Every structure is written in structure tokens, then in C-alpha cells.
*Asks:* 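Have a look at this one.
Everything numeric in this text was worked out from a predicted model, so none of it was measured. Ligands are counted one by one from 1 in listed order, and the atoms in each one are counted from 1 as well.
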Amino acid sequence: MENFIAGLPKLELHLHIEGTLEPELMFALGQRNGVTLPWPDVGSLRAAYEFDCLQSFLDLYYLGTSVLVTEQDFFDLTWAYLERCVADHVVHAEIFFDPQAHTARGVPFATVLGGIERALREGERAHGISWRLIMSFLRHLSEEAAFATLEEARPHLPRIHGIGLDSSELGNPPAKFARVFAAARALGLPAVAHAGEEGPAQCIWQTIEELQVKRIDHGVRCAEDPALVSYLADTRLPLTVCPLSNVRLKVFDEMAHHNVLALLEQGLCVTINSDDPAYFGGYMGDNFRALAQELGASREQLCRLSLNAVEASWLGFADKARLTQEIRGYGACHGVALY
Ligand code: HPA
Ligand code: ZN
């Protein structure tokens, strides 16, 4: 199974680039930029990675971003992630970035975008990893701040493939951002949004109706509403599920209780993703291995999860056809019969 997972082509659709900041790089960049962190060393920082909810993680996540200052910092961050993609055979990545976490500290929008994009282009050239970039709004900030960020992004829009919504779900309902999402839609930007991670199924319905999203990020709490599960199965509106993240943030108390395979078997377009791998104990390969080892996922189920990611991605038709064939061929080589 280890070898099967290692070689399976994977697509990642829910990844916060700031959440790939490993403690070693955080300290190295802090030193490079003269930013002092509130931990004496890597070991004590790692020891702080004990989260009891989404907010306890977010507090640490935003603190970590303070070391990211120059274009080269954003390049180094993204390049380190792409090296993990190579190791895990991730062939396509759709990546969130949180411009407001940086512009609020005086880092120009162009610096953030420039460094990330330069690494992605180089990764595509050197390793053939295709990509999309999704600008995420921080939902704990105001609608006005989101509009200002959309305005700031305007000159760069040809380089941004869509918008997202992340940060604290509870107390920040999708309605708060309905007008910003409508404005982005008018500019031709497709949307995704986090929903149903800590918030109930009702938040997922509201996100679908008010933000007109192409995918739901997380969405695992849909299981509490049978009508919503039926809707998601019928429409194949994808959920980008993040198993290790969900266990770390106590959305599920243990991996054995995760519902992603149950949702898969009910016909939903669920996909596997790593969310903030530096903080949650693993990248794509680790998430797939956890499903096999702790949930008993079969090879056939893992293939279907990868095929779902092709379907849910924003790749063009030709690339989707090529990757579908590649995954089916890989499965067939390993005795997996896909319908
Ligand atoms: N949920 C919400 N906001 C986030 C996350 C997450 O898992 N990661 C980074 N911002
Ligand atoms: Zn996320």
C-alpha cells in the first residue's frame, strides 16, 4: 500500500501556502529579516502545535506569517512546498494565499504574488507541476477590507484564477461577503469558500446560495443534513476535505471517526488535501496514508479520490482527460478495477 500511495498521481486543491511554513524555515526567515519570534527555538515552537479548535491554530498561523517579508521569502516558502509535491507525486496544485495577512503588515501585494508565482512557474518548468492561484479573503476582517483587497488585486487579475474565503468561520457568515463575491464574479473570477468545518450544515447551504461557489472547502459537517448530502451527491459540487487537519483541529476526535469515505460512498465529489501541512502533521502523502492505515481505505477508493480531484480541479478539458487516463492506467497496473 505504501508504494501504491507513493506512485498514485495526486492533485491538491486546498492548500494555504502560508500553512506550509515549517518551523525550521520560520526561524531561518525570522533571522534573515530581523523578526523575533515568541519561541526560543524550533523545538518549543513545535511543542506549541497543540490546537483545541480552529481559532487556537489561526492565532499561531498569523504569528508565523510575520517572518514573510521579501519576494524571496515567498519564493522560498512556495519552493519548499513544491519539493514536497515532487516527493508525494502531486502533479497539480491549486493554492490559496492570504494577501491581507501580509498587506496589513506593510508587505506589498505585488511582493507576495510575485514570489509565489515565480516559484510556481519554476516548479512547472522543472517538475511539470501545473497550478492555479486562489486569493483568499480573511472572514474575520470587514467587508470593506475585502473590497479594498479586491481593488488592490485588480491590476494583477490575469494572474489570479479565483477567490476564496478562510479564517474564523463561527460568527462570520457567508452573507457578510456576498457583495464582494458578486463583484469578483462580475470580474470573471470563480469562487470557493471554507464552510462546514466548524460551522453547521446551514453554513454550507448559505455558502452555496449566497456566494455561488464552485467548491466547498472542508464541508464535512454536511453529513448532519441528509437533504444537503443528497444535493451534493446530485450536483457533484466538490468538497475539498482535509483529514489530518480535521483531526488536529478536533472537527473529528480521531481519524477512525472521519466521514470522508462514507461521503465518497454516497456519491459525493470529495477530494483529499493537506490544508496547512506544516501545522497539521502532514502533506498529501501523509493524508493518503492516514486514510489507508486508520480508515481502511482501499486502493480503489484512493484512485477514486484522485479522480474526483481531477473532476473538481480548474484544469482545462485536455489536461483533465490526460490525468484521468493516467490515474486509471495507474490503477489498472495495480489491479484496481474502476467502473
Ligand atoms: N480553516 C480556516 N481558515 C484557515 C485554515 C483553515 O483550515 N487554514 C488557514 N486559514
Ligand atoms: Zn483551509
*Asks:* Checking Ser306 side chain against Cys303 main chain: does a donor-acceptor pair fall under 3.5 Å?
*Replies:* no
*Asks:* Report the member of Ser167, Ser168, Ala195 with the shortest heavy-atom distance to atom 3 (N) of ligand 1.
*Replies:* Ser167
*Asks:* Is Arg304 paired with Glu311 through a side-chain N to carboxylate O contact shorter than 4.0 Å?
*Replies:* no
*Asks:* Could you give the distance from CG (Leu228) to SG (Cys222), rounded to the nearest 0.5 Å?
*Replies:* 5.5 Å
*Asks:* Ligand 1 and Asp275, any nitrogen or oxygen pair closer than 3.5 angstrom?
*Replies:* yes
*Asks:* Counting backbone and side-chain atoms alike, does His14 have an N/O/S atom under 2.8 Å from the Zn ion (ligand 2)?
*Replies:* yes
*Asks:* I want to know if ligand 1 touches Ser245 in the polar sense, i.e. an N/O pair below 3.5 angstrom.
*Replies:* no
*Asks:* For the rings on Phe4 and His334, is their centre-to-centre separation under 6.0 Å?
*Replies:* yes
*Asks:* Using the ring of Phe51 (Phe, Tyr or Trp, six-membered ring only), decide whether Arg248 places NZ or CZ under 6.0 Å from its centre and within 45 degrees of its axis.
*Replies:* no
*Asks:* May I ask whether Phe57 has any heavy atom positioned less than 4.0 angstrom from an atom of ligand 1?
*Replies:* yes
*Asks:* Kindly give the atom name of the N, O or S atom of His16 closest to the Zn ion (ligand 2).
*Replies:* NE2
*Asks:* Would you call Glu71 and Arg118 a salt bridge, taking side-chain N to carboxylate O under 4.0 Å as the test?
*Replies:* yes
*Asks:* Mind checking whether Glu18 contacts ligand 1 via backbone (N, CA, C, O), side chain (CB onward), both or neither, at a 4.0 Å heavy-atom cut-off?
*Replies:* neither
*Asks:* Does the separation of the ring centres of His16 and His194 fall below 6.0 angstrom?
*Replies:* yes
*Asks:* So, does Glu294 use its side chain to make a donor-acceptor pair with the main chain of Ala256 at under 3.5 Å?
*Replies:* no
*Asks:* Looking only at non-hydrogen atoms, which of Asp166, Asp217, Ile17, Leu54 approaches atom 6 (C) of ligand 1 most closely?
*Replies:* Leu54
*Asks:* Do Arg215 and Trp314 form a cation-pi contact, if we require the NZ or CZ to be under 6.0 Å from the six-membered ring centre and within 45 degrees of the ring's axis?
*Replies:* yes
*Asks:* Is it the side chain (CB and beyond), the backbone, both or neither of Leu58 that lies under 4.0 Å from ligand 1, heavy atoms counted?
*Replies:* side chain
*Asks:* Can you tell me if, anywhere in His194, an N/O/S atom lies at a distance from the Zn ion (ligand 2) that is smaller than 2.8 Å?
*Replies:* yes
*Asks:* I'd like to check whether Asp276 has a polar contact with ligand 1, where a contact means an N/O of the residue lying under 3.5 Å from an N/O of the ligand.
*Replies:* yes
*Asks:* Tell me: protein heavy atom nearest atom 1 (N) of ligand 1, and distance?
*Replies:* Glu197 OE1, 3.0 Å
*Asks:* Would you say Tyr62 has any N or O atom under 3.5 Å from an N or O of ligand 1, going by distance alone?
*Replies:* no
*Asks:* So which N/O/S atom does Asp275 have closest to the Zn ion (ligand 2)?
*Replies:* OD1
